Amino acid sequence: MTVSLETRGLTKRFGGIVATDNVSFRLEVGARHALIGPNGAGKTTFINLLTGVLPPTAGQVFLEGTDVTRMTPERRVLRGLARTFQINQLFASMTPAETIGAAVSERLRRGSTWWRSLGGQREIEAEVETIAARFGLADALGTNVTRLAYGKQRLLEIAVAFACRPRVLLLDEPAAGVPEAERRELLDTVAALPRDVSVLLIEHDMDLVFSFAERISVLVNGALFAEGSVEEVSNDPRVRAVYLGEDEHG
Amino acid sequence: MQASPPAGTGVCFSAARRWRMAETVFWLAAAATFFGLPGYHLLLTEIAIIGLFALSLDLILGFAGIASLGHAAFFGLGAYVAGLLGKHGWGDPLLGLAAGAGSAALLGFLTSFLVLRGSDLTRLVVTLGVALLLGEAANQAAWLTGGADGLQGVEIAPLLGRFEFDLFGRTAYAYCLVVTFVLFMVARQIVNSPFGLSVRAVRDNALRARAIGVPVNSRLVAIYTVAAAYAGIAGALLAQTTQFVSLDVLALHRSADVLLAVVIGGVGYLYGGLIGAVFLKVLQDVFAGLTPQYWTFWIGLVLVVLVLVGRERAVAGARDVVRRVVGIRRRTS
């Protein structure tokens with residue numbers, strides 16, 4: 001099997017507005033794939049359809065060959081589809097240790113265990129430490145997340161998704177708002193994600209897209225407008241007209 | 001909101017499970033009241049019961065973020081079930097507790113689906129509605145509940161077949177204190193478990209909780225059911241220790257009082273409900289003694305001041321005053 005995530009004729013209408021228009025899309029196993037498009041192109045809706053936050057009006061979503069169109073978001077996560085958010089969605093009362101621990105314990109199907117303390121579970125603790133080290137959070141494990149530097153919060157945002165041990169990872173503008181000084185660490189961490197995880201990057205930042213992605217899909221008005229290698233897409237005059245031309249020097 | 005536990009020191013989650021010195025002091029003090037304040041056992045029993053009831057509310061309000069104005073529905077159901085059992089010859093206290101817990105848990109499970117959706121405001125109204133429904137049902141079913149006259153003739157057998165419930169409330173207080181302590185320890189275990197963590201995750205951010213695979217609805221149903229069982233046990237304790245149940249157990253002021261207790265004591269760290277119950281009941285008792293006619297006025301005033309000043313600042317201020325007083329005494333002595 002070479003396709004890890006696929007949509008067929010995926011459509012979402014809100015009243016008279018077509019937010020996602022008959023999108024048939026494939027994410028290859030191990031891909032470094034970027035999804036770009038101007039504001040209002042329907043990128044967020046597309047992500048919400050993939051993750052199951054929204055039900056589609058028509059069409060299907062396949063995760064590793066299985067039709068997951070009617071599956072709840074949490075079941076899709078347990079099947080290996082995880083995402084990050086453009087705006088941080090963290091647990092305000094928790095530390096990074098607890099945040100990552102929550103994801104790990106859920107993945108290990110321990111989320112309904114009430115008779116054992118979280119603290120005594122070496123398996124969870126060890127994995128939390130491993131993930132924290134990978135995302136540069138080892139020194140901040142006991143700090144409340146609201147007190148972390150913004151760049152660290154963005155790293156945690158990815159670390160939490162990674163703790164679900166995804167086979168498909170959707171990164172929604174991971175570098176959004178990260179100050180220049182913390183940017184390098186974030187980009188390096190994203191670049192160092194293991195190759196067996198297929199990554200779909202939703203991004204505005206063209207530097208990040210060109211440095212990270214091997215394939216690019218362009219979404220315009222909810223429909224798939226163009227797709228190809230980085231070279232093909234960046235040389236496509238139609239794409240330049242609707243998108244790159246505006247943003248490249250912007 | 002109570003601040004989260006302080007940072008761990010190396011080991012990931014040690015902060016959550018660590019038993020603090022202050023907790024030992026708290027429970028030793030509670031045990032000491034049994035021996036040291038024999039004249040107050042009736043009041044203390046009531047405090048233990050309201051404390052347990054408030055602990056139950058804290059489980060859903062503080063840990064799951066579910067605001068309720070109808071928590072008395074479970075308290076009242078537990079009270080009526082235990083009372084009815086006692087009246088009809090099933091007076092064993094522990095059996096009554098189990099039945100009160102079971103029936104309230106069932107009601108909690110069924111009504112939890114009503115609070116899954118919607119904002120805080122809808123939840124307040126829905127929970128209030130459920131309590132009102134139950135209150136009116138108890139009022140109408142006078143053949144069963146005694147209606148407005150209350151449920152009379154409740155007979156409770158000796159605890160464990162050995163300890164009679166005496167007139168001074170000795171057995172009653174020991175019983176309520178032990179039950180509250182045991183259930184507190186269970187609640188503490190629950191909130192420090194992976195399950196407890198996932199419930200907090202839902203409270204903090206349901207969107208993200210779903211995105212890490214937490215089945216949000218079933219976790220809310222579970223914690224709501226547990227909290228209902230706790231409230232049912234508190235109600236059963238009240239019925240057994242007073243050997244009487246009136247419509248009052250389902251009244252709005254029950255739900256409001258317990259919400260006050262939790263808000264006064266602070267949500268989300270389990271002790272808030274217990275401390276709030278002590279504070280509220282002692283305050284009521286003191287004001288009722290000072291001015292029998294106007295005590296609700298003074299309670300109201302204290303609550304308004306407390307909320308306006310803010311609990312943290314009030315506590316810090318009180319600590320300051322205590323320090324100064326202690327300091328003056330030291331200097332003068």
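These numbers were taken from a predicted model, which means no experiment stands behind them. In what follows, chains are A, B, ... by sequence order, proteins preceding strands, each numbered from 1.
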*Asks:* Within the structure provided, determine whether A:Glu106 and B:Pro194 are in side-chain contact (heavy-atom separation under 4.5 Å).
*Replies:* no

*Asks:* Begin with the C-alpha distance, continue with both residues' side-chain angles, and end with the deciding distance and a verdict on salt bridge (Lys or Arg N to Asp or Glu O under 4.0 Å) for A:Arg110 and A:Glu123.
*Replies:* CA-CA 11 Å; A:Arg110 304 236 179 109; A:Glu123 198 180 345; 2.5 Å; yes

*Asks:* Which pairs pass ring pair (Phe, Tyr, Trp, His ring centres under 6.0 Å) with one or both residues in residues 64-99 of chain A, sequence neighbours excluded?
*Replies:* none

*Asks:* Which of the residues A:Gln89, A:Arg79, A:Arg83 is involved in the greatest number of heavy-atom pairs with chain B at under 4.5 angstrom?
*Replies:* A:Gln89

*Asks:* For A:Lys152, which of A:Glu185, A:Glu157, A:Glu182 qualifies under salt bridge (Lys or Arg N to Asp or Glu O under 4.0 Å)?
*Replies:* A:Glu185

*Asks:* Looking at A:Ser112, A:Ser105, A:Ala103, A:Ala82, which makes the most heavy-atom pairs under 4.5 Å with chain B?
*Replies:* A:Ser112

*Asks:* Most heavy-atom pairs under 4.5 angstrom with chain B, which of A:Val53, A:Leu78, A:Val160?
*Replies:* A:Val160

*Asks:* Among A:Ala132, A:Ala161, A:Cys164, A:Gly111, who wins on heavy-atom pairs under 4.5 Å with chain B?
*Replies:* A:Gly111

*Asks:* Who among A:Thr51, A:Val104, A:Leu81, A:Leu90 has the most heavy-atom pairs with chain B under 4.5 Å?
*Replies:* A:Leu90

*Asks:* Top residue by heavy-atom pair count (under 4.5 Å) with chain A, among B:Ser198, B:Ala222, B:Ser218, B:Ala211?
*Replies:* B:Ala211

*Asks:* Checking heavy atoms, do the side chain of B:Val216, its backbone, both or neither come under 4.5 Å from chain A?
*Replies:* backbone

*Asks:* Under the ring pair (Phe, Tyr, Trp, His ring centres under 6.0 Å) definition, can you give me all pairs with a residue in residues 176-235 of chain B, not counting sequence neighbours?
*Replies:* B:Trp27-B:Phe181, B:Trp27-B:Phe184, B:Phe74-B:Tyr224, B:Phe184-B:Tyr271

*Asks:* Side-chain contact test, heavy atoms from C-beta onward, threshold under 4.5 Å: evaluate it for A:Leu49 versus A:Thr20 and give yes or no.
*Replies:* yes

